Chemist: 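Pasting a structure here, questions to come.
One-based numbering, in listed order, for ligands and for the atoms of each. Predicted, not measured: the structure shown is a model, and the values here were computed from it.
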Amino acid sequence: MSVIVLIGAPGSGKSTVGPLLAERLEEEFVDVDALIEQVEGRDIPEIFLVEGEPYFRQVERRETLAAIECGGVISLGGGAPVDIEVGKALDQVCVVWLDVSARTAADRVGLKDTGRPLLGSQVHSQLVRLMKDRRAVYERPATIRVSTDKLTPDQVVEAIMSELADLEGES
Ligand SMILES: Nc1ncnc2c1ncn2[C@@H]1O[C@H](COP(=O)(O)OP(=O)(O)OP(=O)(O)O)[C@@H](O)[C@H]1O
Ligand SMILES: O=C(O)C1=C[C@@H](O)[C@@H](O)[C@H](O)C1
Ligand SMILES: [Mg+2]
């Protein structure tokens with residue numbers, strides 16, 4: 001089984017593109033945000049609210065490392081690659097960075113977001129700040145980068161498949 005990890009900012013399309021890519025590759029799919037909600041029995045906003053961000057990050061690290069160990073196509077939470085241990089694990093696998101502008105990401109997640117505690121109600125300005133802070137964190141481990149602003153989810157999958165074929169050809 002191969003391991004392909006999707007990373008990128010909130011609204012970059014990790015949860016949307018992941019299952020489509022897994023289907024094309026005939027691999028299992030895991031969305032780590034969904035996995036955390038399943039393991040915790042509550043949604044992410046509630047975990048942030050009740051337990052705080054450090055607790056969420058601890059659970060996120062554990063579940064992310066376990067998912068990468070299991071393999072398949074894995075969509076990470078937007079902040080997961082910031083963690084040092086996760087960053088080291090990403091160096092060992094194929095990482096696809098879904099790049100997106102703050103404008104497009106804000107349009108995608110909606111002006112008033114409900115399910116993304118870090119964005120609050122100032123979605124666009126928070127995304128600008130977050131992307132500035134994290135750009136290097138996404139760029140560093142990326143094997144493949146796809147600019148998703150002008151692509152539909154299916155076109156993003158095609159772009160990834162084409163890059164994977166190029167990499168296969170090189171090896
Ligand atoms: N390439 C795309 N073109 C247009 N809309 C898209 C595209 N990718 C995703 N979307 C839409 O944008 C919204 C956010 O996408 P998604 O939930 O997949 O992002 P995410 O990267 O998983 O975000 P998060 O880190 O918050 O989980 C969804 O409504 C989805 O349908
Ligand atoms: O960008 C982030 O830090 C986050 C993104 C989401 O995927 C969730 O993992 C959570 O809301 C935190
Ligand atoms: Mg998601």
Side-chain angles (χ1 to χ4, degrees), residues 4-24 29-40 42-68 73-84 86-87 90 95-138 142 144-163:
I4 296 182
V5 181
L6 302 184
I7 64 170
S12 59
K14 303 177 295 297
S15 302
T16 306
V17 169
L20 301 175
L21 181 65
E23 201 180 336
R24 276 292 291 275
F29 171 69
V30 171
D31 187 300
V32 177
D33 280 339
L35 186 64
I36 291 169
E37 292 187 333
Q38 194 187 327
V39 166
E40 285 281 312
R42 48 192 171 167
D43 64 20
I44 289 174
E46 188 178 340
I47 301 170
F48 266 75
L49 193 68
V50 176
E51 311 287 352
E53 184 172 349
Y55 174 84
F56 172 79
R57 296 299 175 194
Q58 190 188 314
V59 176
E60 180 178 52
R61 177 195 297 133
R62 187 190 70 216
E63 297 304 327
T64 301
L65 294 175
I68 293 173
V73 176
I74 305 149
S75 292
L76 299 198
V82 174
D83 182 83
I84 304 276
V86 171
L90 292 180
V95 176
V96 179
W97 172 25
L98 300 183
D99 199 5
V100 68
S101 67
R103 183 67 274 157
T104 300
D107 289 345
R108 285 185 190 161
V109 301
L111 287 178
K112 190 167 186 312
D113 188 68
T114 48
R116 293 170 172 91
L118 287 188
L119 300 184
S121 57
Q122 303 290 311
V123 174
H124 180 253
S125 59
Q126 283 296 87
L127 278 166
V128 168
R129 186 190 56 78
L130 187 144
M131 285 179 185
K132 187 166 165 280
D133 290 350
R134 288 188 185 162
R135 189 160 185 87
V137 160
Y138 294 141
I144 293 170
R145 168 178 169 261
V146 177
S147 289
T148 69
D149 274 17
K150 296 188 171 67
L151 302 181
T152 65
D154 284 331
Q155 289 171 328
V156 174
V157 172
E158 289 310 320
I160 297 169
M161 293 299 291
S162 158
E163 294 279 348

Chemist: More than 12 heavy atoms of other residues, nucleotides or ligands under 6.0 Å from CD of Gln155: is that the case?
Modeler: yes

Chemist: For side-chain contact (heavy atoms from CB on, under 4.5 Å), just list the numbers for Asp99 and Tyr138, CA-CA rounded to whole Å, side-chain angles, deciding distance to a tenth of an Å, and then say yes or no.
Modeler: CA-CA 9 Å; Asp99 199 5; Tyr138 294 141; over 6 Å; no

Chemist: Check for me whether Gly8 has a heavy atom closer than 4.0 Å to any atom of ligand 1.
Modeler: no

Chemist: So, is Leu151 polar-close to ligand 1, with some N/O to N/O distance under 3.5 Å?
Modeler: yes

Chemist: Does only the side chain of Asp33 get under 4.0 Å from ligand 1, or the backbone, or both, or neither? Count heavy atoms.
Modeler: side chain

Chemist: Thr148 pairs by side chain to side chain contact (heavy atoms under 4.5 Å, CB included) with which of Thr16, Val17, Val100?
Modeler: Val100

Chemist: With heavy atoms only and a cut-off of under 4.0 Å, state how Ala9 meets ligand 1: side chain, backbone, both or neither.
Modeler: backbone

Chemist: Starting from atom 11 (O) of ligand 2, find the nearest protein heavy-atom neighbour and note its residue, name and distance.
Modeler: Pro117 CD, 3.6 Å

Chemist: Suppose I only count heavy atoms of Thr16 and a 4.0 Å limit; which atoms of ligand 1 are within that range?
Modeler: 9 (C), 15 (O), 16 (P), 18 (O), 30 (C), 31 (O)

Chemist: So, for Ile68 and Ile74, which heavy atoms are closest and what is the spacing to 0.1 Å?
Modeler: CA-CD1, 3.6 Å

Chemist: Which residue holds the protein heavy atom closest to atom 19 (O) of ligand 1, what is that atom called, and what is the gap in Å?
Modeler: Gly13 N, 3.3 Å

Chemist: For a quick test of reading the model, state the closest non-hydrogen atom pair linking Met131 to Ala105 and the distance between them.
Modeler: CE-CB, 3.9 Å

Chemist: Salt-bridged, Glu163 to Arg145, with N to O below 4.0 Å?
Modeler: no

Chemist: Of the backbone atoms (N, CA, C, O) and the side-chain heavy atoms from C-beta on, which set of Glu60 has a member under 4.0 Å from an atom of ligand 2: side chain, backbone, both, or neither?
Modeler: side chain

Chemist: Going by heavy atoms, is Gly11 under 4.0 Å from ligand 1?
Modeler: yes

Chemist: Considering only heavy atoms of Gly77, which atoms of ligand 2 have at least one such atom less than 4.0 Å away?
Modeler: 7 (O), 9 (O)

Chemist: Can you name the closest pair of heavy atoms from Gly8 and Ser12 and give their distance?
Modeler: C-OG, 3.5 Å

Chemist: Measure the distance from atom 25 (O) of ligand 1 to every protein heavy atom, then report the residue, atom name and distance (to 0.1 Å) of the closest one.
Modeler: Lys14 NZ, 2.7 Å

Chemist: Note the single closest protein heavy atom to atom 5 (N) of ligand 1, along with its residue, its atom name and the distance in Å.
Modeler: Arg108 NE, 3.7 Å

Chemist: So, are Asp83 and Arg62 salt-bridged, with charged N and O less than 4.0 Å apart?
Modeler: no

Chemist: Under the side-chain contact (heavy atoms from CB on, under 4.5 Å) rule, what do Met161 and Val157 come out as? Steps first, then yes or no, please.
Modeler: CA-CA 6 Å; Met161 293 299 291; Val157 172; 4.2 Å; yes

Chemist: Would you say Val156 and ligand 1 have an N/O pair spaced under 3.5 Å apart?
Modeler: no

Chemist: Closer than 2.8 Å to the Mg ion (ligand 3): does that hold for any N, O or S atom in Ser15?
Modeler: yes

Chemist: Would you say ligand 1 has an N or O under 3.5 Å from any N or O of Val109?
Modeler: no

Chemist: Do ligand 2 and Leu130 have nitrogen or oxygen atoms that lie under 3.5 Å from each other?
Modeler: no

Chemist: Give the residue and atom name of whichever protein heavy atom lies nearest to atom 7 (O) of ligand 2, and the separation in Å to one decimal.
Modeler: Asp33 OD2, 2.5 Å

Chemist: Under a 4.0 angstrom heavy-atom cut-off, which atoms of ligand 2 come close to Arg57?
Modeler: 2 (C), 3 (O), 12 (C)

Chemist: Looking at Pro10, which atoms of ligand 2 are within less than 4.0 Å of one of its heavy atoms?
Modeler: 1 (O)

Chemist: What closest approach, in Å, do Pro10 and Leu127 show between heavy atoms, and which atom pair accounts for it?
Modeler: O-CD2, 3.8 Å

Chemist: Which protein non-hydrogen atom lies closest to atom 1 (O) of ligand 2, naming both residue and atom, and how far is it?
Modeler: Arg134 NH1, 2.7 Å

Chemist: Between Leu151 and Ala159, what is the shortest heavy-atom contact and its length?
Modeler: CD1-CB, 4.5 Å

Chemist: Just to confirm my output: which protein heavy-atom neighbour is closest to atom 5 (C) of ligand 2, and how far is it?
Modeler: Gly78 N, 3.4 Å

Chemist: Looking at every non-hydrogen atom in both residues, tell me the closest pair between Ala80 and Arg57 and how far apart they are.
Modeler: N-NH1, 4.4 Å

Chemist: Rounded to the nearest 0.5 Å, what's the gap from OG on Ser101 to NZ on Lys150? Could you check?
Modeler: 8.0 Å

Chemist: What residue and heavy atom of the protein are closest to atom 26 (O) of ligand 1, and at what distance?
Modeler: Arg116 NE, 2.5 Å

